[in-house]
Amino acid sequence: METPKTYEPQQAEDKWYQHWMEKGYFHSEPDEREPYTVVIPPPNVTGVLHMGHMLNNTIQDVLVRRARMLGKNACWVPGMDHASIATEAKVVNKLRQQGIKKSDLSRDEFLSHAFEWKDEHGGIILEQLKKLGASCDWDRTRFTMDDDYYESVVDVFIDLHKKGKIYRGERMVNWDPVALTALSDEEVIHKEVNSKLFYIRYKIAESDDSWLVIATTRPETILGDTAICINPNDARYLNLHGKKAIVPIANREIPIILDDYVDMEFGTGCLKITPAHDTNDYELGNKHKLETIDVFNDNGTMNAHGLHYEGKDRFDIRKEIEKELDEKGYLVKTEDHINKIGYSERTDAVIEPKLSLQWFVDMKDLAKPALDNVANGKIKFHPEKFQNTYKHWMENIKDWCISRQLWWGHRIPAWYYGSGENDYVVAKTEQEAINLASEKSGRTIEASEIRQDEDVLDTWFSSWVWPISVFNGLNEPGNKDISYYYPTNDLVTGPDIIFFWVARMIMAGYEYMDELPFSNVYFTGIIRDKLGRKMSKQLGNSPDPIELIKKYGADGVRIGILISSPAGNDLPFDSAQCEQGRNFSNKIWNAYRLVDSWSVQEDLPQPESSAIAIKWFESRFNQQLKEINEMYDKFRISDALMTSYKLVWDDFCSWYLEMIKPGYQHPIDQKTLEATKGFFESILKVLHPFTPFVSEEIWHLLKDRGEGEDLIVADWPELGNIDSNLLDEFKIAEDVITNIRNIRKDNNIANKVKIDLAVKKNKDLNSRFDVVIIKMGNLAQLDYTSEKVEKANSFIVATNEYFIPFGEEIDVDAEREKVEKELEYAKGFLASIQKKLSNERFVSGAPDNVVALEKKKETDTLSKIAVLEEKLSSLN
RNA sequence: GGGAGAUUAGCUCAGUUGGUUUAGAGCACCUGCCUUACAAGCAGGGGGUCAUAGGUUCGAAUCCUAUAUCUCCCA
């Protein structure tokens, strides 16, 4: 069968993925080898693959595949996150479409709908990852609500509660009036919005017609006002000290209090205090022992405190109350104003600060080791700059609100047996709760008297133990897996979850394993479209990764996404990059086709040019391999790819293969073919982490392979010798060849026409690449001469003069122009060197080697100028 | 408001403790080639006063100080 001219990915991809799976290469069991462990950032169980996942998982796969080839026992644990609020929102939505209201369902009924949904949509993303080539250990797939995982999360709650690190209390929390749940600070997104500043006047109590004016962005909350606050140093308002004011519409009397918290510059300097609906007001309220009036229901409508606005939505009220205040003469004026408003990460609802009874984790002690071990470099961030962000957050850490008024998730193991604030116990089972409750209350508590907390835990409270619980490290401490795989090695994730997840995993790691959870964190950037916009469903600018894979092949897409994505930088994605990736797959494919087309003639001697080409490529390969290894060590993945790309395209294909390529339909000698196949193998190894499919395919086409001789488990190339003299000499040869090609082009000499080259040596150079120059330049002969050659095109490389005799007249003017340009540059260059060298302080101050180098540059440039000038005069 | 980072070719980025650099790469662009591995290709080429202004230094893309613009984080 003829080898197709272009690489066809689909068939090879399915074939090899299946083969790898059958062979169990992705599966890992503890053994005597060094482990290399990565845990996947678990995608939402009902999510679908998007470009961010592609980037993230491609990087993980590259790291894992290389580690496997380095002989480590690579284990990449996949899994899914139950994503409590996101999934619950989806299920609620779907039920609504079916005409079912969540409030009409019991908890169990709702959960059975949710699990149904999970079974239907869950895991799609994992199937999609397989298309990408992800070499995850699928036998170890975990879900954060698997029974044993669930248990470990509950245990952590119980344990932290026992240690006094989890407490229940009424605090100001971020309330999502759409999802009807509290959120953590991290789930709130602050956005700048254009709003209005309302200036409203309050009558001063027991005065005839004295007023004060406050400025607020939220006039609807005046019904919850319990004080007016002014700065004690504000000279304008000394007359207000000790007075009271009357809240418009509500006609309640409230005190005027003094606190230097008030910014005299902002608004009017009079601040209305609504402790129930603003965090700062809440603190002031506590400080001054103010009454708290909550005017809102959980869904953002007004309650009875809202008087005639009861039942209406908070944003509708804002408009209505503006009108009423205006009509009644309270509204002084309005101004345009830009302020920041918090939105729910999940529902995009405007967050309502709300006083609420919730569960919290006290973070202070947990943060300590997590902060120290990043600061001291035990855990490294790539790029490093995220250390600063991390440090700043950790040093100002606040307690974590972990209870959510949802059903989908890990139910809080707290049990209530009375109406008192402390009439509860924390226990794993109902029976245990009964026993504990009886003990605590000093009476016998019946099962019918206790009820479990209705709330579930924040999703991140389950994912912070991910690197531990995927190996059952909490349920079965010290088991074989956890002892072997933990701590894991590298974590690859987005910077957007540095606090949600990364920081908390580090805390959990030290709390429960007394050990870091991973040594390196690689932060990817955010994928944007080519105009720099975030990818979103609304904009429709988010390509379907599976479609891309169909179009360009998985290898092509992997390259497309990695080729310009340094760690931590946003990546403007353009499918043209996948095209580049596809072209690269095809390039390798065609290199194979060429090598495959050669037939060996046993008694054929090895051409000299091939022998030197082989020597050169060996050095060149090792030189590049060294760089690639170093780049991996520094987590510079896209640089490692680029170096590999150029090694293959430029060094191997454009130079090496052209140097050893026999004439059309001519045979090749045994030695050269063997060396070439050896190089090809080394190259496939280097490529395999990036392009697993096409490399495995060619690996098998190149040679017959026995059982288990698959590239995925081949050894990463050993670093060999680098002969830098040889590499330098080749550079000169390369330069000569380029010059010959230029002359051919300028004079329209076809490549197949053989030409002569004469060399006038002004400096002794090793001539072992002459044979290569002859072959690549398609020379009839290469002669050395002591005289300059008339009627010839000429050029200079490394101060030697090269002549290509040409029968007819050459274009003197064009030639002169070229030489003049070159001369001008050389003179400028010389001037910059001589400026340095004539500076006494440079010569005495700079290190010797730097001075010597400048002197060498000067000598070389001088002789080059001499040659050019001579050439120029001969043209005149 | 506080903090962090960035600004190098049309785009995306390198440029290692200041000195092999009057600055490199990939893509894009331009020119010429369908030359028997590849037109998804080959060969060649153009393009940057390193954001701006000062300063330190024998020497600055690199260090310092301001300014401008942008991004992110926190409140």
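Each chain gets a letter, A, B and so on, in the order its sequence line appears, and its residues count up from 1.
Taking only distance into account, the side chain of A:Lys5 never meets the base of B:C38 through a donor-acceptor pair shorter than 3.5 Å. Interface remark: the A:Glu658 side chain does not form any donor-acceptor pair with the B:A43 base, using a distance-only criterion of under 3.5 Å.
Here the options are A:Trp655, A:Phe730, A:Phe652, the test is ring-ring contact (aromatic ring centres under 6.0 Å, His included), and the partner is A:Phe617; only A:Phe652 passes. Just one of A:Tyr645, A:Trp699, A:Phe584 meets the side-chain contact (heavy atoms from CB on, under 4.5 Å) condition when paired with A:Leu687; it is A:Phe584. When each of A:Phe621, A:Phe679, A:Trp649 is checked for a ring-ring contact (aromatic ring centres under 6.0 Å, His included) with A:Tyr656, only A:Phe679 meets the rule.
Taking for each of A:Tyr664 and A:Ile563 the nucleotide of RNA chain B with the nearest heavy atom, the 5'-most of the two is the partner of A:Ile563. Comparing A:Ser654 and A:Asn388 by the nucleotide of RNA chain B whose heavy atom lies nearest to each, the residue mapping closer to the 5' end is A:Asn388.
Whole-Å rounding puts the A:Tyr645 OH to B:G26 P distance at 9 Å. Remark: P of B:U21 and CG of A:Asp860 are 12 Å apart, rounded to the nearest angstrom. Between A:Asp555 atom CG and B:A40 atom P there is a gap of 19 Å when expressed in whole angstrom units. For the pair A:Asn739 CG and B:A43 P, the interatomic distance rounds to 15 Å; values are reported in whole Å. For the pair A:Ile497 CD1 and B:C72 C1', the interatomic distance rounds to 16 Å; values are reported in whole Å. Computed from coordinates, the A:Leu641 CG to B:A25 C1' distance equals 13 Å when rounded to whole Å. The CD1-C1' distance, from A:Ile559 to B:C27, rounds to 14 Å in whole Å.
Note: A:Phe795 and A:Tyr802 have parallel aromatic rings, judged against thresholds of 30 and 60 degrees for the angle between ring planes. Classification of the A:Tyr7-A:Trp589 ring pair by plane angle, with boundaries at 30° and 60°, yields tilted.
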Working for side-chain hydrogen bond (donor to acceptor under 3.5 Å, both in side chains), residues A:Thr738 and A:Asp735: CA-CA 5 Å; A:Thr738 301; A:Asp735 204 353; 5.4 Å; no

Verdict with supporting geometry, A:Asn751 and A:Asn778, side-chain hydrogen bond (donor to acceptor under 3.5 Å, both in side chains): CA-CA 7 Å; A:Asn751 289 326; A:Asn778 197 20; over 6 Å; no

CA sep, side-chain torsions, deciding dist, call: A:Asn339, A:Ser195, side-chain hydrogen bond (donor to acceptor under 3.5 Å, both in side chains): CA-CA 7 Å; A:Asn339 68 335; A:Ser195 60; 2.8 Å; yes

List, with names and distances, any nitrogen or oxygen atoms from the protein found under 3.5 Å away from nitrogen or oxygen atoms belonging to nucleotides 73-75 of chain B.
| unit_1 | atom_1 | unit_2 | atom_2 | d |
| --- | --- | --- | --- | --- |
| B:A75 | N6 | A:Lys340 | NZ | 2.8 |

Protein proximity profile, nucleotides 15-20 of chain B - base contact B, sugar-phosphate-only contact S, no contact -, cut-off 4.0 Å on heavy atoms: S---BB

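Checking the phosphate oxygens (OP1, OP2) of B:G41, a side-chain nitrogen or oxygen of A:Asn583 falls inside 4.0 Å. Neither OP1 nor OP2 of B:C13 sits under 4.0 Å from any side-chain N or O of A:Ser638. At least one side-chain nitrogen or oxygen of A:Asn742 sits closer than 4.0 Å to the OP1 or OP2 atom of B:G45. Distances shown here put every side-chain N or O of A:Ser597 at or beyond 4.0 Å from the OP1 or OP2 atom of B:U36. Contact annotation: A:Arg582 side-chain N/O to B:A40 OP1/OP2 distance is not under 4.0 Å.
B:U52 and B:A9: their P atoms are spaced 11 Å apart (whole Å). If you take atom P in B:U35 and the same atom in B:A40, they sit 14 Å apart, rounded to whole Å. Nucleotides B:G5 and B:C30, compared at atom P, are 41 Å apart to the nearest Å. Comparing the P positions of B:G15 and B:G55 gives an interatomic distance of 29 Å, to the nearest angstrom. Between B:U65 and B:G24, the two C1' atoms lie 30 Å apart (nearest whole Å). A distance of about 39 Å separates the C1' atoms of B:C42 and B:A6, rounded to the whole Å. Across B:A14 and B:C27, the matching C1' atoms stand 15 Å from one another, rounded to whole Å. Going from the C1' atom of B:U62 to that of B:C50 covers 10 Å, rounded to whole Å.
Counting heavy atoms from C-beta outward, A:Asp596 and A:Leu701 have side chains that stay 4.5 Å or more apart. Side chains of A:Trp598 and A:Thr676 form a contact here, defined as non-hydrogen atoms less than 4.5 Å apart.
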Secondary-structure notation, RNA chain B, from Watson-Crick and G-U pairs under 3.5 angstrom (| other strand): (((((((..((((.....[....)))).(((((.......))))).....(((((..]....)))))))))))).

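In this structure, of B:U31, B:G41, B:C38, it is B:U31 that holds the atom nearest to the side chain of A:Lys745. The side chain of A:Asn586 sits closest to B:A40 out of B:A37, B:A40, B:G26.
Rounding to the nearest 0.5 angstrom, the gap separating the CD1 atom in A:Ile527 from the CE atom in A:Met54 is 8.5 Å.
A cation-pi contact, defined as under 6.0 Å to the ring centre and within 45° of the axis, links A:Arg504 to A:Trp400.
Taking the six-membered ring for Trp and the full ring otherwise, A:Tyr390 and A:Phe381 have centroids separated by under 6.0 Å.
A salt bridge does not link A:Glu858 with A:Lys855: none of the charged nitrogens is closer than 4.0 Å to a carboxylate oxygen.
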